[in-house]
Structures are given as C-alpha cells and as structure tokens.
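First the proteins, then the strands, lettered A, B, ... as listed; each starts at 1.
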Amino acid sequence: MKKKADDRTAQVRHIIALLHKWGIHTLGQFAALEKEEVSLRLGPEAVRMWERASGKATRLLKLVDPPESFAETFEFENEIETIEPLLFMLRRFLQQLTLRLSTRYFVANDLKLRITFSDKQSYEHLFKIPEPSNNIDVLFRMLHTHLENFTSKAPIVAVSLEAQPTKAGQQQFSLFETALRDPAQLSETLARLEGLLGPERVGTPVLEETHRPDAFWIEPFSWELQEKHSAQEQLPSFALRRFRTATHTSVMLDGNTPAYLRSPDIEGEAVEQDGPFMASGNWWDEKAWARAEWDLQLGNGALCRCHAEREAWQLDGIYD
Amino acid sequence: MAYVELHACSAFSFLRGGSFPEHLAETAARLEMPAMALLDRNGVYGSQRFASKARELGVRPIVGCELTMEDGSVLPVLVKTETGYANLCSLLTEAHLRSEVKGECAVTWNEVPQYVDGMIALLGSARFQRAGFGILPKQSLKSSRRQNVVASTLQACAPQNFAEDAQRLISAFGSSNVFVELQRHFLRGEENRNRELRDLAQQFRLPIIATNGVQYATPLHREVLDVFTCIREHTHLDVAGKLLARNAERHLKSDAEMRELFRDLPDAITNTERLADRLEFSLEKIGYSFPDFSVPAGHDMNSFLRTITWFGAQQRYEAVSLKVRRQIEEELGLITRLGFAGYFLIVWDIINFCREHNIMVQGRGSAANSAVCFCLGITPVDPVSNNLVFERFLSESRKGWPDIDLDLPSGDRRESVIQEIYRRYGKHGAAMTANVITYRGRSAAREIGKALNFAPNILDRFSHLFANGDFPHTMDLPAQIEQAGLPKEHPRMPAFVRLYRSIYALPRHLGQHSGGMIICQNKLSKFVPLENASMPGRVVAQWDKDDCEDLGIVKVDLLGLGMMAVMQDAFELCRERGRPLDLAHLPKDDPKTFELMQTADTIGVFQIESRAQMATLPRMKPKCFYDVVIEVAIIRPGPIQGDMVHPYLARRAGHEKVAYFLPELEPILERTLGVPLFQEQMLKIAMVAADFSGDEAEELRRALSFHRSQERMEKVSVKLRAAMQRKNIAPEIIEKIMQSITSFALYGFPESHAISFAILAYGSAYLKVHRAAEFFASLLNNQPMGFYSSATLVKDARRHGVKTLPICVAQSEWNCTVVADDTVRLGFCAVNGLRSEHADALLQARAVQPFSSVDDLRERVELTKEELRTLALLGALNSFSEHRRNALWQVEEMRYDDLFGKTRKSSSRKRKAPLPRMTMPELVQADYETMNLTTGPHPMKLLRPDLPHAWRASDLAQARHGSIVQIAGNVICRQRPGTAKGFVFISLEDETGVSNAIVEPDLFEKLRLVITEEPFLTIEGEVQNSEGVVLIKTKNIWPLAHAQLVGSESYDFH
C-alpha cells in the first residue's frame, strides 16, 4: 500500500518537474492546456491532476493534524548553578504538559529530559514511566529523585522536557510489571539508586567483547531478558573462582617473576609460575589498560591467578 | 648463532602490517640482526624497498611471501634460490591473474607442487592465527557473526588435521624444505598449540624454528595495525573487540629477547640462522634481461642501430655537420659499449608503430639530449643546436637504463599502443608498473576518524573543509579537526594525532602507473609477480617504477597527454579542411603567437594556461622559443620554492643586475641570467663548484628525481656542502647554492624536458592564433582535460572570433566539427546522458536519409524518452520545431502502432504547441543542465543589470592600482598551491573574460565554506596592477545571488 503511494508521489513529482520544463508554473497555465493533449503526453495521473486543476473534479479535503509535540523548552536568562530553579521550571513544564495531554485524553508514556550547559555540551535522560500517568507528583518525584545528586562541570543554560503521549489504560505491560503493587515505585527506586550511585552503576552487568578479562558494562535495568553473549573463548583450563572485584595484593618479585604473594585471602611462596600473559587495549582513549597476568602455584598447593596493572598487583581468583 | 627473523610482514601486506619495509630494516639493523625475511601477503610488493634499505644497513634481506590458499589458510614460504624466486613470482602471477577481484588471490593446493623448487615452507603458528592478526579472510568473517569469531576463524583457516597438513607440505616441498615454526606472544593457550607443533616436528623429523610473526617494527605500531584491522573489517575500535590485537608483542625482537622467550628450545633460535644461510637468493640476482630486437639478416643490433641512425641523420639534418657527426659517433660508441642498442631499437619500433597508425608521438625527458634519439625520430628536439648535454641522458658511470618517455595522445590512441605491446610480449611478458597509493591527508584523517568512531558529520565536514588537507599552512591538525567539530580536548584527540602521523604515507592499495611499462625477453612474471589492474585488459607489476629502476628492469613510459590528442585532432581537421599544418614545420618566430602569450591570452594552451603561468606571462613577455622553454620551466614547485622566479623576471626586466654565484658558473647560467632553472644547470654547478665527478653528479640527479627519499637528498647535500667548503667558497654563497639545489628535489625540470613541453605549448598557441576553429573543436572533443571547462572554452572561442553553433540532430556529428574558419558546431559528445551507441544509431539513420521531422526521428532511431527530452531541451530538435518547448511538446507525445504496423499519426502534430517560448535565463539554464555549457550569453551577462558596482573582467586593466573594486562571476578555478603558504587563488569568469583574486589564509579560514562551495561569488578587494597583470587582493567575499542560474564546473585544488 505504502509502495503504491510512494510510486504515485514520485509520478506526481515527475509530472510537476516536466511541467516546469514546459514553462507551466501555475495551475491556470496547466488548466489552459487541452485535456487530450495532456493525456497523450503525460498519462492518466496527469489527467487526474489536470481535472483537479481545472475544477472538473473535486476531492474531499481530509483534515490532517500535524503530529503534536508535547515538549516544553526554556532558555535561562542567567546561567543557573543550583538545582532549585531547574526543578521549579520542570514542575511548571509538567503542569503544562499534563494539561495539554489531558485535553487530548493522553497520558505520558515516557519523559525525555535534556539539559544544555554553557560549554555547549548537553545531558539527556529518558525516564520510562512504568504506568503511564499524568499525575504531576509522581512524574515530578521521578525527575526530582534523578536530579537530586546531579552535578555538572558547567552551569545550565537551557532545559527541555518532552513527553511521549499514549492512550490512558492501553499500555501493555510485560508479565511481571503489572504484578507490582505500585509500578511507579520500582522506577522511582531505580532512579533514586542511580541518583546515589550514578547511572553507570545501576543495572544489569553484561560481559564486554574485549580481550580485557572479566570486563563488563552495565545495561539499564529492563524487564526484558538480554540475549546471552557467548563470545568467551573456551580454552582448556581449570575452573577459576574469580574475586569480584579483584583484591589488592602484594607480590614480591624475583627478577621479573612473582616469588611471594600476600593477600587477605591467600598467602604463600610461589613455587611455580606460568606467565606473564600480556594483554592491553583501549589505547585510543582514557580507558587505556595494559596488564600482565600470572598463574601461580603457592607452597601450600593453592593455584591462583593474579595480575599487575600499572605496577599494582591484584588477585583475580583461585583455581579449583 | 644469532637469531634471524624469518617471518615479518610490512604495510605492503595492505592492512595487515603496520610499518614501512624500510622501518623494519632499520629496526633489524638496530637490533643487530644479521639477516631478516620479509613475507608480505600474496606478493613481494615491499621486498625491493626492504632489500635496498637492509643491504645499506648491513642486514641481509631474505625474500618470502605469505600465500593465501584456496581453503582460506595461509602458507608462509621463503625463497631459497633464483629458481625459487622465479617459481614464487610465477605462482603468484597465476593466482592473481585468474582472480576476478583485484588484489585478492588464492593459490590452489594442486598447483603448489609444480612451483616448490627452490622454496621453503613454514608450518606453524601462522596457520592457526586469528582474524585480529590479519590472517582471517574477509569473506569468512562476513558470513559469521562476531560472537563466533574464534570458532569460525578456526573453521575457516586452520587445517583440521595437523598431521595431514604436515604430510601434504612434506610431499610437496620435501622434508628438508619444511620447517615447523613456533611463535610466543605471551598469550594464554599458545603453548598448547606449540606443544602440538613440537610433537608434529618430532613425529615427522622436521626442524623447528622460532619466529615472531612480526607485523610492525616497534610496539607503538600495534595501534596502526588495530586501525587497519578496523578498516579491513569495516568496523570501529569501540566495537571491534576481539578482532583487535590482544597485545603489542608482534614487533621485531632482539636475539636476547628471543633467546629468553625460547630458553627451553635453544635449537629453535640457532636453526633460524642455519636456515637463513640456506636462503642464498638475493634480489640483485633476478637475472632480468631486456628483450632482443630481431634485426635483418647480416646485421647485429649495434650495426642495425648505426644504419638507421645515419639514415635518420640524413633526413633530419639538412647537412650533417662535423659537430653532429662527432656527437652521433660518440653516442653510438657509448650505446654499443653499454649494450643498450636493443633498447633504442625497441623504442624506435614503438615510434614506428605509432607513425604507421597515425598516432602522434614525442619523446620527452632526457632522451631529448641525444642526437641518436633525434635521428631515430624519438624526439623532435635537436640536442646539438640546443647545446644539450648528452651525459644527462646516458653516461658510462650511470648504472641504470636511459630514460625514454614517450608522450602520446591520451585516450584510445595511447591505449592502442599499450595493447600492441601486450600483444607483442604476451600477458606474462609486459606489464604496467605499479603506483602505490598511500594514505594522505584527507584519506588518512577519514579512515582514522572512522576507526575512532567520530561522528560521520565531523568526518564529512572535515572532508569539505580540507579538500586539500595536505597543506597545513595555516592550521595544525588538531585545529583542523576542531574546526570540523571535535573539541581539542576530546579524549581521542591525542590518539588521532599520533595515528595520523604513523599512518601518513603508508601504502593503501596498489594502483597502476599512468604510463610506465616494463617488458622482458622471457617471462616477466618470473621476475616480478603480475596482477590484473582494475582497468580491463591491463596487467600491472607488483613494483613501482623506482623499484624497477633499482633492479635494472627497463621501463618505457607511455604517457598520455590530452594536448597531444588535441593537436593531432586539430592537425587532422586542418588537413581535412585543406589548410594543412604540421607540428614540425610551424614557423618558430610567429609574432602573433608570441603576442598571445605576452597578453596571457592562453586559455586552452598547453602548460601555460594555469593561473600562475598566466600571471607570469605578461612579465616574462616571451619573444622567442627559448623564452617559452623558460616560461614552462619557471612555474614549477622547484623554482618557486627556491625563490628563483622573481630574480629571473627582475633580471629580465632589467630591475636587477645579472649576477652569478661564482664567476666560473657564468657559462652555465648565462642563458638563464644567472638564475639556475634547469636540472642540468644544477648538475653542472655541482661539478664546477664542488668538483663532483660524473658519478657523483649522477648520484645527485638520482636524489633530485627520487621523490621518495628525503634521506637520500640529505646525504648528497652533506657531501655537496663539504666539497664546497673544501674549495673555500664563502658560506653565504654555499647557502645560496644549496638552497637552489635542494629545492629541485621537487619536480625541477630538465632543460630537454622543458624544450619538449615548450614545443607543445608553442604549437598549441600557434593553433589557437591561426587555426582557432580547429583548435577549439579539438579541445572540446577531448574534454575533460587542462584547467578549464568546456563552458569557459566556448566563451574563450567566442572572444577569438569563433562562433559555436548549438547541437542539431540534422547537422551535428558525435564530435564537434568545424563548419567554417570562424564557426564550430557542437557534437553529441557534449550532451549529458546521451549514450554513444544511440548517437551512432542516429548518425547512421541520418546518413541513410535525413530526418524530416521529430516523428521521423523517433520512428527511425531508438532513443530513450529522457534522451529525446534532453535533445529537445538543448535545442537540438529546433530544425523541426519552432522553439525548444515546441520540440519538447512533440517528443512527449505518446506513440503507438495501429493494427497494420503503421505508427498512428497524431492529429495534434501539425498544431503549434501551446507552450511559451523559453526566456533567455531559461535557455541558459537548459544549456547548462544538458551540456554544462551554453552557446548563448554568459550567465553573468544576464545578471549584469543587477550588479552596477561589479567591474567586468575586461575593464579591470583600466582600474587604478590600489583602488577598491568589486568583481563578480562564475568560479572557474580555485587553487591553493603547496608553495603559496596558504594563499588561495580564485578565478571568476564573466561575459568578458576571467578575473583573478587572491585570498589571504586568515580570510580563507573565515570564509572557507563560501569559497569552496559557492558557484558564483562577488569579491571586493584592492586592485594590484603591475606589469599588465591584474589581481584583486580580496577584502571580502560573499555568494552572488543567482536565482536559478547554473554555472560551469570549476577546476578546484588540483
């Protein structure tokens, strides 16, 4: 259906381009041409256009509303450095937005916050609303919690808030979501945690596709289960019980080889060593890393893995 | 016994190695390695560069190659003997020539046994490596998803049964020629594989060797390799993950480091030198010989050359003077002693082929210094009367072959000569030399930017802003990137800058040289692997022209010159029209021709049409042929950098006294008023001022012409300076001489070359004056070429009294034709989007019977609707129609056949179209849309009434020096020459001619996008009017509002 419409649009455009080449730039000039001549040269679509241009055919006008955008923006006259004026503005935005949404029988499905700083950088966050709502208090609490511990390098010059509308009560929930007594509660808790710990520390850990052992990143919490990444290389080895996070340890060296290891969990002389296994990466930015790993057998028979990074030693884990 | 690295790749493994071969050789020398092998992927691309550097530094170079096998695995081989090398080249040639994709090849296991003689195979780590190390073929990665990289790598690459693989190699190469290769890169799990390999070695009694599978010279270059991996795999560093190198251990390691790594296997180290000793082959012994020329019975090549030379002398010299006789005898003697007779005969044969097939040909370069070449018709320049030095061409002290370059008309005629050479010597006997395309400014920045995951809009903006990114005159790299939208303090900026410096000039891919051909007596493919070029019917060698020259492989340059094609066409048109001309017999002192040059009216004239040349001509005021020679030579990066243009012009105009660096240099520099302009003069200065011998002068010449090596140049400079100091020459004079000599490293012209070019410049200027119609018609037929577009040429023709008639289906041919001495008819070749086979059909139908109407044309020729529309729009159907819209009305009419096969006659046909005539701006716009030119008024003429303040180009000569004026026009040329310290030159065309403006770097940076993107500009600035040259020193620029007008394409930043 869409293809057909697209084809027709292309055809109409082509006809209009040709008409311009003919020196026909107005409807009057077009209507002045003879219908048969137009048909002979430009085909049936052009005839339909000609009939409309000359008033021989009519077409019912259909009212098409431009998609309404539920967004509010404000540029501060003076740069602001505290959270209060921002919250004040956001509350006003919410009042406006919810009012506009309500008049159209919509509720907010999610909110997109954008803060612009004086150094031309900006911050964006999408607030997913578990139960679409127009309740200003609920929505404001969500914003407030998120911004509670918000800091930035540069003062704020502008803020905008956009609401994604949805029909009230038609939102389909996933299996567990609806079972929650207060759907807003979970997201509020998550927002509060993010505010406290930083968004990069709240969510689901996902293994990174990198040579860096045990590297992971945090994906925002979601009800949908992530597809499992299975890129880990399978090398024959003993099972390693990893310490997460790796524990700081002190290692005495004999030349370049670890000779004695002391950590809160394990301690002893290294009677046999395998390594170093060198790995490095992310050399292109500030996350650059390089480490040398060793497998050590200690005097007491324990087999462990440790590594040195920037001259600091850490115990990665113990082999079973 | 010392460790020898026997498995290293350079950047000539194209995206699989991160260092220059020279850099690897230097590092090997620093590590005191006695020998080292270079094994690039599927070729020996970098081996000559590596070998020559390694030999120079005392490292014995070993040749090898990593072969991509049909199963996607990699087989590293080392060359043992000359036969082995010939076999490797033949094997690679076979694989490359049957490959349909350029640069890719796959050797089949079946063909290996017939080529193994003289080669050693390595069985080991390379056959198990991962994609990240550049071993995985691209297609297998594409088919797999990233999650399964490791598994798919092993499936795609590694042989599944190691013992079987060993058995296969042993039966092909013989057990004494298979070595098990162990590598240790501090990786978890690699020892398991090494253990398997050691077991295998034991089982089959194969010796083991240690290698480091080197992919870069130093650990720092691992970054380059990671970026190359991203480029190869079309990804970026943030998501490349395990495709990237795990660590930076694949660099060249010292004997001590390798011994420490393999302390449990000392044999693996000692075996490397043992094996290296067995690899006796050296590239110096490839056994190349130039083809013999078959001569008539009773002659050998020398006697035959002598016979035809004297025969030519009788024809070319009116009387053979004693001086000429002595020169020819001397040359023939030297040619015989050096054994080059065959080479001269083969070039003579090519010249004869061209003559027989009516292809204009002219030798350029130092061949013009030889009387023998003049007698054989290789060059039109008589070296005796021009006092040219034969030693510049050929001398006993010179090792290499003499350099004969042939200029041919570009296009089909040159291609026919190249194909004739392929035909004579076979697909395996002749090849184009390679041209290594390297990462330069914009391409390097773009690829690195992509790898660093910069936003595409930043990269696009960078490309737009720095179309000529190689000239960092006004901004350093971080500032350029910042302008493109990336903050200077971006965390990836340091990596970007670091990578840019490392990647700049590394090879990107192999192209073909514009004209260099190498040929061989036997199979050329035994000396250098050959590949298919991307152009159909062309075969290209894996070495560039410098490599071929270093190895003594003779090269004949068949260069295409657009102007040769123009002149040949023009001479043919003159002949057809009964007023014949011939380049050799043009009057050499035609005042009108010199007047044209003096007034810089040189649009379309060879070499002296550029903006810089045009700015010099009114100052130079050429009065004789030799002035043209100097004019051609003077506007080159060499003399400009050496600050020699102005002294010469000042001296010529009498503003400055003629002076010489040293009195004894007067005879050398007299002709050029004491200013060195030609390479020959440089060599003679070195011989006189620094007592250089012929050999040393030759070394200097090589350094001058060897663009690749700054180092080579510096070495000769030190020697030259020391020699002059020994002769107690004043330091300031030494400085001046050094500056003038070193500046020649960039494209200084040899005098003979300048003479050859000046002949064409003079010839084309003569044609423009005396055969303007033929000249402009030929220029239009050979577009695109030169500096100016067809639109500008048509306007220039009009200024020279030549009318250009529009295209007409009843009159036009495919090419533009000369209708009268002052009239040219445009041909169908100028129409955008008209297929040549459709135009041919039209011409054939017209030849049978002229068309009577548009319907008749539509009935008899199958043209597409779009083609008919185009012809109607540009007025080609006006002979059947009152005006263009009328024709358009007619071609749009639907046609259908009735039951009896007759096309239905339309009732409306006879009637006039109800469409309005095109207005003048509409006509011009339609012309530009359909032909990129107009035979009507210049767009600026239509805009003129709205531009009361803008000066016309033709009026500028009257402008007062220092006054502020406005000029406006269609931008036809934007240039930012490397030698102009960031200044930009803009040429604007209006209805009266061309005006020129110069923009200072600061203003250019401020208005970069306006200047580089806008087709019409208004420029306000100060008039600089000196010696007849008017230049506007720009103060302000703004786009010219031009409604719907369209202008011609401009010639930008070449």
Taking atom CG as the centre, does A/Asp320 end up with more than 12 heavy-atom neighbours from other residues, nucleotides or ligands that are less than 6.0 angstrom away? yes
When you check the gap from the basic side-chain N to the acidic O, do B/Arg188 and A/Glu293 get nearer than 4.0 Å? yes
Might you point out which heavy atoms bring B/Pro491 and A/Glu286 nearest each other, and give the distance in Å? CB-OE1, 3.0 Å
What are the two closest non-hydrogen atoms of B/Pro916 and A/Gly23, and how far apart are they? CG-O, 3.9 Å
May I have the step-by-step check of side chain to side chain donor-acceptor pair (under 3.5 Å) for A/Trp283 and B/Asp226, ending in yes or no? CA-CA 10 Å; A/Trp283 47 262; B/Asp226 277 352; 2.8 Å; yes
Side chains of B/Arg246 and A/Ser280: donor-acceptor distance under 3.5 Å anywhere? no
Can you tell me how far apart NE2 (B/His490) and CG (A/Asp285) are? Round to the nearest 0.5 Å. 8.5 Å
More than 12 heavy atoms of other residues, nucleotides or ligands under 6.0 Å from OH of A/Tyr123: yes or no? yes
Identify the heavy atoms of A/Met278 and B/Asn247 that sit nearest to each other, and give their distance. O-ND2, 2.9 Å
Under 4.5 Å from a heavy atom of chain A, the part of B/Glu223 involved: both
So for atom CZ, which belongs to A/Arg242, do other residues, nucleotides or ligands contribute more than 12 heavy atoms lying within a distance under 6.0 Å? yes
Tell me, yes or no, whether the heavy-atom count around B/Arg498 atom CZ, taken from other residues, nucleotides or ligands under 6.0 Å, exceeds 12. yes
First locate atom CE of B/Met918, then atom CH2 of A/Trp22, and finally report the distance between them rounded to the nearest 0.5 Å. 12.5 Å
Nearest atoms (heavy-atom pairs only) where A/Trp284 meets B/Asp238: NE1-OD1, 3.4 Å
Row check, B/Trp889 ring normal vs A/Arg41 NZ/CZ: under 6.0 Å, within 45°: yes
Using modelled atom types only, decide if a donor and an acceptor are shared between the side chain of A/His211 and the backbone of B/Leu244 within a distance under 3.5 Å. yes
Given a strict heavy-atom distance threshold of 4.5 Å, which part of B/Arg222 is in contact with chain A: side chain, backbone, both, or neither? side chain
Contact part of A/His20 toward chain B, heavy-atom cut-off under 4.5 Å: side chain, backbone, both or neither? backbone
Chain A contact via B/Leu452 - which portion, at a heavy-atom distance below 4.5 Å: side chain
Around atom NZ of B/Lys865, are there more than 12 heavy atoms of other residues, nucleotides or ligands at under 6.0 Å? yes
Do other residues, nucleotides or ligands put more than 12 heavy atoms under 6.0 Å from A/Glu75 CD? no
I need the A/Leu33 CG to B/Leu915 CG distance, nearest 0.5 Å. 6.5 Å
B/Arg884 portion near chain A, given a 4.5 angstrom heavy-atom threshold: neither
B/Lys242 and A/Thr210, any side-chain heavy atoms less than 4.5 Å apart: no
Does atom CZ (A/Arg48) have a neighbourhood of more than 12 heavy atoms from anything else shown, all under 6.0 Å? yes
Atom group of B/Arg885 that falls short of 4.5 Å from chain A, counting heavy atoms: side chain
Can you name the nearest heavy-atom pair linking B/Leu888 to A/Lys21, along with the distance? CD2-O, 3.8 Å
Does A/Asn256, at its CG atom, have more than 12 non-hydrogen atoms belonging to other residues, nucleotides or ligands within less than 6.0 Å? no
